[in-house]
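So the structure is just underneath, and the comments pick up after that.
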Number of protein chains: 2
Amino acid sequence: MHSFTEENYLKTIYHLSQFTASPVQTNAIADGMKTRPASVTDMLKKLSDKQLIDYIKYQGVTLTEKGKTTAVGIVRKHRLWEVFLVEKLKFKWDEVHDIAEELEHINSALLVERLDEFLGFPKRDPHGDLIPDQNGFFEPVQNIHLHEMSCGNKGVIIGVSEYSSAFLKHLERLGLTIGIIIEIKEIADYDGSVELLVDGRKINVSREVTQHILINYK
Amino acid sequence: MHSFTEENYLKTIYHLSQFTASPVQTNAIADGMKTRPASVTDMLKKLSDKQLIDYIKYQGVTLTEKGKTTAVGIVRKHRLWEVFLVEKLKFKWDEVHDIAEELEHINSALLVERLDEFLGFPKRDPHGDLIPDQNGFFEPVQNIHLHEMSCGNKGVIIGVSEYSSAFLKHLERLGLTIGIIIEIKEIADYDGSVELLVDGRKINVSREVTQHILINYK
DNA sequence: AAAAAATTTTAGATTTGTCTAAACATACAA
DNA sequence: TTGTATGTTTAGACAAATCTAAAATTTTTT
């Protein structure tokens with residue numbers, strides 16, 4: 001078995017490699033793990049010894065199959081527990097991330113499958129993220145961030161890419177929750193803030209916010 | 001916050017002090033924690049520094065109020081999670097102990113209270129152990145072990161004091177589960193094995209088994 | 001292509017929890 | 001009450017995960 005720390009490194013590397021095809025760099029991992037680059041280097045050696053990552057000095061890392069399987073397993077647990085907390089225990093979507101960070105390390109394959117069944121095999125978690133199935137598969141996503149869209153574009157809010165309570169509460173106050181249909185009315189040259197049409201109302205959101213909203217856009 | 005290890009020490013000390021009024025000894029803790037006496041001594045110093053135990057060299061330890069509160073909190077979580085696993089996820093009573101050992105360290109007061117509510121404020125866990133309430137209170141138990149009873153005595157199986165899957169499966173095979181009424185027909189001088197009357201049938205159980213069955217006997 | 005900047009790694013230290021072996025304290029028995 | 005057995009603590013080491021400071025490598029700039 002792997003330590004919590006090892007699991008967290010794998011998860012961080014997994015999430016970082018979602019955004020790029022190239023190897024994940026030490027500094028990026030250090031940021032994600034809120035630790036120092038020197039500590040990351042130490043851990044990369046260990047994960048490499050355990051065949052969980054391919055590591056080339058100074059070049060960065062990629063997950064091996066074994067590493068990816070482990071990482072996806074943790075992501076699956078995290079998202080299932082989030083569904084449990086919201087659906088069964090009446091938590092709000094901004095309250096569950098930190099608790100799920102702990103629960104994701106509970107080690108029992110049977111538990112995960114029973115939980116999945118108990119929850120009715122949910123497809124997405126409360127933040128709109130897809131839940132990998134028992135074999136680690138899930139349809140590749142082709143969402144784009146709101147800030148990548150252009151004037152006149154329409155779409156549906158399908159998820160977020162930031163899970164802090166502060167951010168999620170802010171979205172809720174703005175009425176920008178999952179499933180909401182939005183249309184881009186104007187993008188300010190000055191600060192990148194965006195005017196949205198939501199449910200007939202006009203709403204102004206900062207660039208900061210647009211960078212963390214995922215849109216299902218075709 | 002306390003580390004998992006610290007929490008496990010506190011829990012072990014708590015359980016050991018259930019059986020005796022006198023201070024808990026280093027070797028007993030080492031047994032319970034499956035570690036060495038020298039390691040226990042190191043940890044006792046740390047717990048003492050944190051005011052979780054009263055520790056006198058060579059004499060043993062007792063929990064402080066703070067230590068007891070912490071320990072009971074962990075026991076509460078353990079037992080609530082066991083109920084969840086059996087009642088909601090359809091685990092068997094012999095499958096839940098190890099998973100609950102992990103879940104008991106999840107850190108969220110709100111989670112515990114929501115879980116309690118979700119489960120309908122259960123009074124006992126699947127092994128018959130009482131679940132402390134939110135304030136750590138629970139009626140003092142006056143169960144006795146089956147091996148402490150005499151010929152002709154009757155009682156109800158109210159719990160167990162051993163949680164291994166092997167033991168619990170054995171009980172189930174014998175039909176000795178919680179709520180079952182038993183009567184002692186005979187106690188063998190030779191090996192301490194006991195003949196029980198259960199539901200009209202006669203059953204013979206080893207002394208080993210009688211030492212881990214708790215009876216509500218008045 | 002050399003210099004400067006950014007990134008990454010090494011070296012050496014620290015903390016937590018563990019260990020073995022040896023010393024120390026207490027209990028008990030002759 | 002002295003000796004032996006049992007139980008406990010100290011001393012010194014080790015592994016995991018982290019850190020700072022310095023050295024090494026790669027990338028970017030001029």
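Residue numbers begin at 1 in each chain, while the letters A, B, ... track the order of the sequences. Since we're looking at a predicted model, the values are computed, not measured.
The nearest whole Å value for the distance from the CG atom in B:N8 to the P atom in C:dT16 is 17 Å. Taking atom CG on A:D49 and atom P on D:dA15, their separation rounds to 14 Å, with Å as the unit. We find that CZ of A:R36 is positioned 24 Å from P of D:dA16, with the value rounded to whole Å. D:dA16 atom C1' lies 11 Å from atom OH of A:Y9, rounded to whole Å. Rounded to whole Å, the distance from CD on B:E6 to P on C:dT16 is 9 Å.
The shortest distance between the side-chain N/O atoms of B:S3 and the OP1/OP2 oxygens of C:dT16 is not below 4.0 Å.
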>> Please encode protein proximity along nucleotides 5-14 of chain D as a string of B, S and -, counting only heavy-atom distances under 4.0 Å.
In response: --BBBB----

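Using the six-membered ring where Trp is involved, B:H105 and B:F4 have ring planes that are parallel, under 30° apart on the 30 and 60° scheme. Ring orientation note: the planes of A:H97 and A:Y163 are close to parallel, at an angle under 30° on the 30°/60° scale.
The CG atom of A:L16 sits 9.0 Å away from atom CG of A:D31, with the distance rounded to the nearest 0.5 Å. Annotation: the span from A:R79 atom CZ to A:D116 atom CG amounts to 13.5 Å, rounded to 0.5 Å.
Within the structure, the salt bridge (charged side-chain N to carboxylate O under 4.0 Å, His left out) test picks out the following pairs touching residues 5-29 of chain A (sequence neighbours left out): A:E6-A:K46, A:E6-A:K50, A:K11-A:E101, A:K11-A:E104.
Taking the ring axis of B:F118 as reference, the NZ or CZ atom of B:K88 stays within 45° of it and closer than 6.0 Å to the ring centre.
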